[in-house]
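To keep things clear, I will list the structure first and then write my remarks on it.
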Amino acid sequence: MKISTLYSFRRCPYAMRGRLAISTSGIKVELREVVLRDKPTEMLEVSPKGTVPVLVLHNGEVIEESLDIMIWAFKNNLPKPEEYELVKFCDENFKPWLDRYKYPSKYNDCTQELVLENALYFFELLEKKLEKNIFLFGNSRGFSDIGIAPFIRQFAHVDIDRFLNLKYPKLIEWYEEFVDWQGFKSSMKKYPKWVDDQPVVFFP
Ligand SMILES: N[C@@H](CCC(=O)N[C@@H](CS)C(=O)NCC(=O)O)C(=O)O
């Protein structure tokens, strides 16, 4: 049987959401762990833009954006437009502030107060949703939980005490549930860098 191939990098939040969408949808792929400073030519040949994740379907089609990989994996359970838009908001409006929060010395275009103010704006949105349900769009884990949580985790990891002391109790509960979830833990298994002649590694 021919299966699809996922080029992935364990710590990348985009790759994480790709892996999680695949595993929660009950799909199995071949996993090729990439080292970003030494990307495999096989990956660059099919996706010259050189970002992970990249999914090469068994029919040769290449999906090179994490959101598109998620949509492919969720094809039988597509998110409502509002849910998809929240994930887009995370990518377009929260991620730039997350980068500035993580690497303040790399960006000198704003103050840390402004960074925090904008990050908290997003947290406020999430908190409001989580006041209604355990997960962002209902009482079971869905597209947006998987799509957003890896980025909240990155934020939390910069200064975990600060994060856990924020006045967003539902968001913190949701984050803690996520990092404790067996599906997440399994998706964080370590794999050696992929090389051409190694035996196939399946995920999950
Ligand atoms: N819009 C892309 C972004 C993916 C992305 O930026 N991935 C980072 C790693 S977290 C990457 O591959 N960067 C390339 C590099 O560092 O060389 C997606 O959603 O898939």
Side-chain angles (χ1 to χ4, degrees), residues 4-25 27 29-57 60-75 78-79 81-107 109 115 118-119 122 126 136 141-158 175 178-179 184-195 201 203-204:
S4 306
T5 301
L6 181 71
Y7 290 94
S8 175
F9 170 53
R10 182 176 173 273
R11 289 191 293 117
C12 166
Y14 299 102
M16 262 177 223
R17 60 156 64 145
R19 293 196 299 275
L20 289 170
I22 285 169
S23 59
T24 56
S25 304
I27 302 166
V29 293
E30 175 186 351
L31 187 128
R32 296 185 175 178
E33 182 68 17
V34 169
V35 169
L36 292 179
R37 73 187 122 71
D38 184 19
K39 292 167 193 153
T41 45
E42 289 82 352
M43 179 182 114
L44 294 172
E45 271 165 16
V46 293
S47 179
K49 80 182 168 82
T51 63
V52 288
V54 174
L55 183 67
V56 186
L57 300 186
E61 190 192 328
V62 177
I63 310 183
E64 52 181 354
E65 280 293 322
S66 59
L67 264 179
D68 296 336
I69 293 174
M70 291 185 72
I71 288 287
W72 173 81
F74 273 76
K75 52 188 168 291
L78 286 174
E82 191 200 344
E83 180 162 19
Y84 183 80
E85 284 310 315
L86 188 68
V87 184
K88 280 286 255 195
F89 187 90
C90 172
D91 288 18
E92 290 167 8
N93 294 286
F94 173 66
K95 178 66 166 65
W97 298 109
L98 171 62
D99 292 338
R100 285 161 177 76
Y101 183 64
K102 277 176 69 184
Y103 309 111
S105 57
K106 248 176 97 184
Y107 299 89
D109 55 357
V115 170
N118 280 282
F122 185 51
L126 301 181
L136 289 168
R141 192 185 321 277
F143 186 89
S144 53
D145 302 285
I146 285 169
I148 293 172
F151 298 89
I152 303 301
R153 177 178 170 272
Q154 279 206 335
F155 183 98
H157 277 202
V158 175
Y175 157 79
F178 175 74
V179 290
F184 172 67
K185 288 183 183 160
S186 311
S187 82
M188 293 304 279
K189 190 174 158 201
K190 289 187 180 161
Y191 297 97
K193 174 186 156 188
W194 176 76
V195 284
V201 171
F203 173 84

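This chain uses plain numbering: 1 for the first residue, then up along the sequence. Counting convention: from 1, in listed order, for ligands and their atoms alike.
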- Nearest protein heavy atom to atom 13 (N) of ligand 1, by residue and atom, and its distance? T51 CG2, 4.1 Å
- Does a side-chain heavy-atom distance below 4.5 Å link Q154 with P150? no
- Query: Atoms of ligand 1 less than 4.0 Å from C12 heavy atoms?
  - Reply: 7 (N), 9 (C), 10 (S)
- Note on the structure: Sorted by chain and number, sequence neighbours left out, ring pair (Phe, Tyr, Trp, His ring centres under 6.0 Å) with F122 holds for F89, F94
- Task: Around atom 5 (C) of ligand 1, find the nearest protein heavy atom and jot down its residue, atom name and distance.
- Result: Y14 CD1, 3.5 Å
- Task: Give the atoms of ligand 1, by number and element, whose distance to some non-hydrogen atom of G50 is under 4.0 Å.
- Result: 14 (C)
- Message: Does any part of the side chain of I69, heavy atoms only, come nearer than 4.5 Å to the side chain of L6, both counted from C-beta?
- Response: yes
- Short side-chain donor-acceptor distance under 3.5 Å, S8 and R19: yes
- Message: Taking distance alone, with N or O pairs closer than 3.5 Å, would you say K39 contacts ligand 1?
- Response: yes
- F155: partners by ring pair (Phe, Tyr, Trp, His ring centres under 6.0 Å), with sequence neighbours left out: Y101, F123
- Message: Students should be able to answer this: which protein heavy-atom is nearest to atom 16 (O) of ligand 1, and at what distance?
- Response: L36 CD1, 3.7 Å
- Note on the structure: Among non-hydrogen protein atoms, atom 4 (C) of ligand 1 lies closest to V52 O, 3.2 Å
- Message: Could you check whether atom CD of E92 has more than 12 heavy atoms from other residues, nucleotides or ligands sitting under 6.0 Å from it?
- Response: yes
- Task: May I ask whether R11 has any heavy atom positioned less than 4.0 angstrom from an atom of ligand 1?
- Result: no
- Query: Can you say whether the rings of F184 and F178 are parallel (under 30°), tilted (30 to 60°) or perpendicular (over 60°)?
  - Reply: tilted
- Task: Over all heavy atoms of both residues, which pair between F143 and M70 is shortest? Give the atoms and the distance, please.
- Result: O-CE, 3.3 Å
- Message: Under a 4.0 angstrom heavy-atom cut-off, which atoms of ligand 1 come close to P53?
- Response: 20 (O)
- Task: Please write down residue, atom name and distance for the protein heavy atom closest to atom 20 (O) of ligand 1.
- Result: S66 N, 2.9 Å
- Task: Could you tell me the residue and atom name of the protein heavy atom closest to atom 1 (N) of ligand 1, and the distance to it rounded to 0.1 Å?
- Result: E65 OE1, 2.7 Å
